[in-house]
Novice: 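Questions regarding the structure given below will be posed in turn.
All chains are named by letter (A, B, ...) in the order of the sequence lines, taking the proteins before the strands, and each is independently numbered beginning at 1. When reading the values below, keep in mind they use all heavy atoms of this one structure, side chains included, and skip hydrogens, waters and symmetry mates.
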There are 2 protein chains.
Amino acid sequence: MEKKPENCRVENALGILVGKWKPIILLYLLQEGTKRFSELKRSMPGITQKMLTKQLRELEEEDIIERVVYPQVPPKVEYSITEYGRSLEPILEAMHEWGTNHALHKVTKEKDQQKSS
Amino acid sequence: MEKKPENCRVENALGILVGKWKPIILLYLLQEGTKRFSELKRSMPGITQKMLTKQLRELEEEDIIERVVYPQVPPKVEYSITEYGRSLEPILEAMHEWGTNHALHKVTKEKDQQKSS
DNA sequence: CGGGATCCCCCGCGATACTG
DNA sequence: CAGTATCGCGGGGGATCCCG
């Protein structure tokens, strides 16, 4: 059976999570619920407005998050995880757990290499 | 609480899966077991030797796959998933399942948009 | 306040050629 | 057979400035 990246279903999920700030945004919204643009930005020091906007747009495009605009001055925009988006939570949690363990794995590996040197 | 990409545990796992051919390589080795370099290359039309080598090296670096060289002419190199690497299987399966469903989700969404137009 | 528009840089990835 | 070495591009991501 021939394999191509475009046909790999895993990529469908991966493509949504990939993006420098996407996992952070998703974990934050999953924990904290609905948040304003400025709250998101404040919680992520280092991110630019352009990047935050872009990542949010891409997640919205995939129906993972919802964007609600309140027509008022000054503007108010709120973001939250959609029902559908919550189906990603088990995957994110699994990756978080695996990632935490993997950090330990690397440290252990380095120590083993020191012993044998 | 301040969030930074470098501190996100999810990234630890994500970084390992990210790479154009990595999910395919992992799924293939998980299904088929041990495979030679040439078998891997043949099963993935479109991949170059350089890329296959690079992706394999990166996975090996993280202890996800094992590389065994047989000192003979012509050369023979076999790759397989490590015990540790198998801990990624649940995540890959979850992403595969989610990704499959997400493809359907997009199709449904497009049809809904056609109706309302 | 919550963006959009521009410019720029880095690096993942591909094509090609060479090697023990 | 299973790799390295070199060259080049396209796109993700950052910095900066402007807008209703």
Side-chain angles (χ1 to χ4, degrees), chain A residues 2-8 10-11 14-26 28-29 34-62 64-80, chain B residues 2-8 10-11 14-26 28-29 32 34-62 65-80:
Chain A
E2 296 186 343
K3 323 281 183 181
K4 298 179 183 179
E6 319 87 76
N7 301 334
C8 182
V10 173
E11 297 286 355
L14 216 44
I16 288 172
L17 274 356
V18 168
K20 189 165 180 181
W21 303 90
K22 284 181 190 174
I24 294 179
I25 292 171
L26 292 175
Y28 187 61
L29 288 180
T34 301
K35 287 290 172 185
R36 296 185 60 166
F37 184 86
S38 53
E39 290 177 304
L40 286 165
K41 184 167 188 331
R42 210 173 316 123
S43 72
M44 291 176 270
I47 198 172
T48 61
Q49 287 189 344
K50 172 195 167 183
M51 279 313 299
L52 180 52
T53 301
K54 190 186 175 195
Q55 308 277 304
L56 289 168
R57 287 288 188 284
E58 291 176 8
L59 290 171
E60 185 193 2
E61 184 76 13
E62 302 290 346
I64 308 301
I65 65 175
E66 188 184 16
R67 178 173 180 263
V68 178
V69 182
Y70 295 85
Q72 60 183 45
V73 178
K76 177 180 171 184
V77 181
E78 285 184 344
Y79 294 91
S80 57
Chain B
E2 295 186 344
K3 323 281 185 182
K4 299 180 181 179
E6 319 87 76
N7 301 335
C8 182
V10 173
E11 297 286 357
L14 215 45
I16 288 172
L17 274 354
V18 168
K20 189 165 181 182
W21 303 89
K22 284 181 189 173
I24 294 179
I25 292 171
L26 293 174
Y28 187 60
L29 288 179
E32 310 277 330
T34 302
K35 285 291 172 186
R36 295 185 59 167
F37 184 86
S38 53
E39 290 177 305
L40 285 165
K41 184 169 188 328
R42 211 174 316 123
S43 73
M44 290 177 268
I47 198 172
T48 61
Q49 288 189 343
K50 174 192 167 182
M51 278 314 298
L52 180 52
T53 300
K54 192 187 175 195
Q55 309 276 305
L56 289 168
R57 287 288 189 285
E58 291 175 7
L59 291 170
E60 187 194 0
E61 184 76 14
E62 302 289 346
I65 65 175
E66 188 184 15
R67 178 173 180 261
V68 178
V69 181
Y70 295 85
Q72 62 184 43
V73 179
K76 177 179 171 183
V77 181
E78 286 185 345
Y79 294 90
S80 57

Novice: The side chain of Arg57(A) lies closest to which of these nucleotides: dG4(C), dA5(D), dG2(C)?
Specialist: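 The nucleotide sitting nearest to the side chain is dG4(C).
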
Novice: For the side chain of Met51(A), counting heavy atoms from C-beta on, which of dT6(D), dA2(D), dG14(D) is nearest?
Specialist: dG14(D)

Novice: I want to check one thing: is the phosphate of dT16(D), taken as OP1 and OP2, less than 4.0 Å away from some side-chain N or O of Thr48(A)?
Specialist: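 Thr48(A) to dT16(D) OP1/OP2: no side-chain N or O under 4.0 Å.
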
Novice: Under 4.0 Å between a side-chain N or O of Gln55(B) and OP1 or OP2 of dC13(C)?
Specialist: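 True: Gln55(B) side-chain N/O within range (under 4.0 Å) of dC13(C) OP1/OP2.
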
Novice: Once you round it to whole Å, what is the distance between P of dG3(C) and CD of Gln72(A)?
Specialist: 13 Å

Novice: Is the shortest side-chain heavy-atom distance between Lys22(B) and Ile16(B) below 4.5 Å?
Specialist: no

Novice: Measure the distance from NZ on Lys35(A) to P on dG2(C) and round it to the nearest whole Å.
Specialist: 13 Å

Novice: Would you say that Glu60(A) contacts Ile65(A) through its side chain, given a criterion of any heavy-atom pair below 4.5 Å between the two side chains?
Specialist: yes

Novice: Grab the CZ-C1' distance between Phe37(B) and dA2(D) for me, whole Å please.
Specialist: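 Going from Phe37(B) (CZ) to dA2(D) (C1'), I get 6 Å.
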
Novice: Would the number of heavy atoms belonging to other residues, nucleotides or ligands and lying under 6.0 Å from CD of Glu61(B) be above 12?
Specialist: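 At most 12 heavy atoms, drawn from other residues, nucleotides or ligands, come within 6.0 Å of this atom.
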
Novice: Is the phosphate of dG2(C), meaning OP1 or OP2, less than 4.0 Å from a side-chain N or O of Arg36(A)?
Specialist: yes

Novice: Is Ser38(B) near enough to dA2(D) that one of its side-chain N or O atoms lies under 4.0 angstrom from OP1 or OP2?
Specialist: yes

Novice: Of all the nucleotides listed (dC1(D), dG20(D), dG13(D)), which has the minimum atom distance to the side chain of Pro75(B)?
Specialist: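 Selected nucleotide: dC1(D).
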
Novice: Is the shortest side-chain heavy-atom distance between Trp21(A) and Leu52(A) below 4.5 Å?
Specialist: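 No - every pair of side-chain heavy atoms lies 4.5 Å or more apart.
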
Novice: Do Lys50(A) side-chain and dG14(D) base share a donor-acceptor contact under 3.5 Å?
Specialist: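 Answer yes: a donor N or O sits under 3.5 Å from an acceptor.
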
Novice: Do Ile25(A) and Met44(A) make a side-chain contact, defined as non-hydrogen atoms from C-beta onward lying under 4.5 Å apart?
Specialist: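 Side chain of Ile25(A) against side chain of Met44(A), heavy atoms only: contact under 4.5 Å found.
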
Novice: Establish, with yes or no, whether the OP1 or OP2 oxygen of dG2(C) is under 4.0 angstrom from a side-chain nitrogen or oxygen of Arg67(A).
Specialist: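 Answer no for this pair, as no side-chain N or O of Arg67(A) is under 4.0 Å from OP1 or OP2.
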
Novice: State, to the nearest 10°, the angle formed by the axis through the first five base pairs of the helix from dC1(C)-dG20(D) to dG20(C)-dC1(D) and the axis through its last five.
Specialist: 50°

Novice: Go through Leu56(B) and Leu40(B) one step at a time and tell me if the side chain to side chain contact (heavy atoms under 4.5 Å, CB included) criterion holds.
Specialist: CA-CA 10 Å; Leu56(B) 289 168; Leu40(B) 285 165; 4.1 Å; yes

Novice: Output the rounded distance in Å from CG (Leu40(A)) to P (dG2(C)).
Specialist: 9 Å

Novice: Nearest to the Trp21(A) side chain among dG2(C), dG14(D), dA2(D), which nucleotide is it?
Specialist: dG14(D)

Novice: In whole Å, I'd like the distance from the CZ atom of Arg42(A) to the P atom of dC1(C).
Specialist: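 So the CZ-P distance, Arg42(A) to dC1(C), works out to 8 Å.
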
Novice: Can you measure Leu14(B) atom CG to dG12(C) atom P for me and round it to whole angstrom units?
Specialist: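 That distance rounds to 14 Å.
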
Novice: Can you find a side chain N or O atom of Lys20(A) that sits less than 4.0 Å from OP1 or OP2 on dG14(D)?
Specialist: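 Answer is yes, contact under 4.0 Å.
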
Novice: Given side chains that start at C-beta, do those of Arg36(B) and Lys76(B) come closer than 4.5 Å, heavy atoms only?
Specialist: yes

Novice: Measure from CD on Gln49(A) to P on dG20(D) and round the result to the nearest Å.
Specialist: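 Result: 16 Å.
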
Novice: Mind checking if Tyr79(A) touches a base, just sugar-phosphate, or nothing, with heavy atoms under 4.0 Å?
Specialist: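 Contact class for Tyr79(A): sugar-phosphate only.
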
Novice: Could you tell me the separation between the CD1 atom of Ile47(A) and the C1' atom of dG12(D), rounded to a whole number of Å?
Specialist: 13 Å

Novice: Can you tell which of dG3(C), dG13(D), dG3(D) lies closest to the side chain of Lys54(A)?
Specialist: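 Taking heavy atoms from C-beta onward, the closest nucleotide is dG13(D).
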
Novice: Does any part of the side chain of Lys3(A), heavy atoms only, come nearer than 4.5 Å to the side chain of Asn7(A), both counted from C-beta?
Specialist: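 No, every pair of side-chain atoms sits at 4.5 Å or beyond.
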
